[in-house]
Amino acid sequence: MNNEQKKGFSRRTLIKGAAAAGGLAVASSFVPYRFAIGAQAKVKVGILLPYSGTYAMLGNSITDAMKLRIAAAGDMLGGRPVEYVAIDSQMSVPKAPQNTSKLVDKDSVDFVVGPVHSGIAAAMAKIIGKRDQPIMIVPNAGSNAVTGPLCSENIFRTSFSNWQPAYPGGTLMAKEGHKTCITIAWKYGAGRQMMDAGAEAFTKAGGKVIKDIEVPFPDVEFQAFLSEIASLKPDAVFAFFSGGGAIKFLKDYAAAGLKSIPLYGPGFLTEGVAKAAGAAAEGVRTTLHYSADLDNPSNHAFRAAYEKATGKGANVFAVQGYDAGSLIVQAMAKVKGDTGATADLIKAMENANFIDSPRGPWKMSAAHNPIQNIYLREVRNGAQKYLGIAAKALEDPAAGCKMA
Ligand code: BEZ
């Protein structure tokens, strides 16, 4: 099905038509081309993720795990074979509109899975959220706006909002007796939103943020900032870095002799990089919606399958990719492969079942963002050690989200 056909039977047209006829339940009966789809026509899954630069590990983990989940369904989506079209986002916000348009207009994909970077997510959502199709599934980027003011019926997220893993981290620092902290993060949407959320919780609990340091993205020259931290002597430091940049930050922090100042942050700081950071990561406490050692049968099975397929240990990014694959598999089964039955497809995605997620059970919120547990973890012997639940079934406030 090309985009002209898609436009002819758009989601909003379907919804309007169904509503006029007395209810959404009858929407799919308005779709004549549903029966024209060849049983073997491929379902196109477009992917816009980073495969180079500091977030390359994140993009690869998401892709491998999503493909693993779809392969477990026989590489079939609702009875149709799958075809992937992948683009390296290069973490470039200026290139995001062009990359999105390539997938949507030129390749006519049915789903777009991406991105990792919050700035790219907002740029993509501004384009895709205004259209009827395709369906966008965010497997990492936490931009609060994507499930806030930019929320849309055809945008879903299987990861987190930036607020979610950061807010409980601020509470934790105060609970552990710290009165002052310095925040340090890359200077772009994700860093800003996570630091604001952590600071909000810390301040609410009586703490004081004495300095807010922003590092240009994706720079890894931390020396001058670390000297400033050493001279200001806060009780604690709250940080957001991820991927290659997180390894460098952890090592530089330790080398600067700052290990005596406890380091906290949303779990991206140590996720997938604890081994590579070595002794520098030991003892760092973070909050996140996953811990490698979660003791549930789905997590054990997922980790074994992922390691067998990739030769690597799974991390939160892989879990988010796996759940993105699961969302597509479940919804496509429900509509029996009819990607044109958009209203039904959206409904199936809203009601998809994540009881068996490796992160533990979660549900899609009304804004299409996970309602999920946030765990407290600490790095011990190069691995995450689960210490408990920092926030149970935490739902993003989704301020400003109005579904069309
Ligand atoms: C973001 O840009 O939203 C992001 C990137 C890496 C890890 C977590 C969030």
Side-chain angles (χ1 to χ4, degrees), residues 54-55 118 142 162-163 165-288 376-380 382 384-385 387 390:
T54 202
Y55 287 162
S118 277
N162 288 325
W163 179 87
Y167 190 89
T171 309
L172 173 71
M173 277 192 298
K175 231 191 214 166
E176 298 202 335
H178 304 302
K179 301 279 182 251
T180 61
C181 88
I182 289 179
T183 62
I184 179 165
W186 270 319
K187 185 178 176 164
Y188 79 98
R192 186 65 275 140
Q193 292 175 354
M194 289 189 215
M195 295 304 99
D196 285 350
E200 184 193 339
F202 187 58
T203 312
K204 217 178 197 171
K208 189 169 178 214
V209 178
I210 58 171
K211 179 92 194 176
D212 180 34
I213 298 174
E214 294 186 304
V215 180
F217 177 82
D219 285 6
V220 290
E221 292 312 317
F222 300 117
Q223 221 44 61
F225 305 117
L226 296 173
S227 300
E228 202 177 357
I229 292 172
S231 73
L232 289 171
K233 297 188 179 51
D235 290 349
V237 169
F238 190 71
F240 163 69
F241 297 101
S242 190
I247 301 174
K248 175 78 165 43
F249 178 77
L250 290 164
K251 286 189 167 172
D252 286 2
Y253 192 86
L258 291 175
K259 279 289 254 182
S260 56
I261 303 178
L263 185 56
Y264 295 87
F268 311 109
L269 187 60
T270 53
E271 190 66 12
V273 301
K275 230 181 222 138
E282 288 298 306
V284 175
R285 286 191 166 193
T286 59
T287 44
L288 199 67
L376 168 59
R377 318 103 45 86
E378 182 180 304
V379 177
R380 289 191 196 161
Q384 302 295 339
K385 169 92 184 138
L387 297 182

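This one's a predicted model, so the numbers in the text were calculated from it and none came from an experiment.
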For this session: Kindly determine whether Thr183 and Ile213 satisfy side-chain contact (heavy atoms from CB on, under 4.5 Å), including the steps that lead there.
Result: CA-CA 6 Å; Thr183 62; Ile213 298 174; over 6 Å; no
For this session: Give the intermediate values and the outcome of side-chain contact (heavy atoms from CB on, under 4.5 Å) for residues Phe268 and Thr286.
Result: CA-CA 8 Å; Phe268 311 109; Thr286 59; over 6 Å; no
Exercise. Would Ile184 and Phe249 count as a side-chain contact (heavy atoms from CB on, under 4.5 Å) if you check the C-alpha gap in whole Å, the side-chain angles of each, and the deciding distance to 0.1 Å?
Worked result: CA-CA 10 Å; Ile184 179 165; Phe249 178 77; 3.9 Å; yes
Problem set entry | Test log, rule side-chain contact (heavy atoms from CB on, under 4.5 Å), inputs Arg285 and Tyr264 | CA-CA 5 Å; Arg285 286 191 166 193; Tyr264 295 87; 4.1 Å; yes
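Here the closest heavy-atom approach between residue Ser118 and residue Asn162 is recorded as OG-ND2, 3.1 Å. The two residues Ala239 and Met195 come nearest to each other via the heavy atoms C-CE, 3.8 Å. Taking all atoms of both residues into account, the shortest heavy-atom contact from Ala274 to Val379 is CB-CG1, 4.0 Å. Minimum interatomic distance between Ala190 and Phe240 (heavy atoms only, all atoms of both residues): CB-CE2, 4.1 Å. Across Ala246 and Val273, no two heavy atoms sit closer than the pair CB-CG2, 4.2 Å. Considering all non-hydrogen atoms of both residues, Ser260 and Gly257 come closest at OG-O, 4.1 Å.
At a threshold of 4.5 Å between non-hydrogen side-chain atoms, the residues Pro266 and Phe238 count as touching. Between Glu271 and Leu288 the shortest side-chain heavy-atom distance falls below 4.5 Å. Between Lys233 and Ile182, the closest side-chain pair of non-hydrogen atoms is not below 4.5 Å. Within the 4.5 Å cutoff, the side chain of Lys248 has heavy atoms near those of the Asp252 side chain. Side chains of Leu250 and Leu269 form a contact here, defined as non-hydrogen atoms less than 4.5 Å apart. Using a 4.5 Å cut-off on side-chain heavy atoms (C-beta onward), Phe222 and Tyr253 make no contact. Within the 4.5 Å cutoff, side-chain heavy atoms of Pro234 are placed close to those of Ile261. Side-chain contact check for Cys181 versus Ile210: every heavy-atom pair is 4.5 Å or farther apart.
Residues satisfying the salt bridge (charged side-chain N to carboxylate O under 4.0 Å, His left out) test with Asp235, not counting sequence neighbours, are none.
Looking only at distances, no side-chain donor or acceptor of Thr287 sits under 3.5 Å from a matching main-chain atom of Leu376. Without hydrogens or angle criteria, Trp186 side chain to Ser242 main chain gives no donor-acceptor distance under 3.5 Å. Proximity of a side-chain donor or acceptor of Lys259 to a complementary backbone N or O of Ala280 within less than 3.5 Å is detected.
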Distance-only donor-acceptor hits, side chain of residues 167-175, under 3.5 Å, sequence neighbours excluded:
| residue | atom | partner | partner atom | Å |
| --- | --- | --- | --- | --- |
| Tyr167 | OH | Lys204 | NZ | 3.3 |
| Thr171 | OG1 | Tyr167 | O | 3.4 |

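Taking 4.0 Å as the cut-off between side-chain N and carboxylate O, Glu282 and Arg380 do not count as a salt-bridged pair. Between Lys187 and Asp212 no salt bridge is recorded (no basic side-chain N to carboxylate O distance below 4.0 Å).
In this structure, the separation between CE on Met194 and CZ on Phe241 is 11.5 Å, given to the nearest 0.5 Å. Considering NZ of Lys208 and CZ of Phe202, their distance stands at 11.0 Å, rounded to 0.5 Å.
Using cut-offs of 30° and 60° on the angle between ring planes, the pair Phe217 and Tyr55 is tilted.
Side-chain contact check for Gln384 and Thr270: at least one donor-acceptor pair (N or O, by modelled atom type) lies under 3.5 Å.
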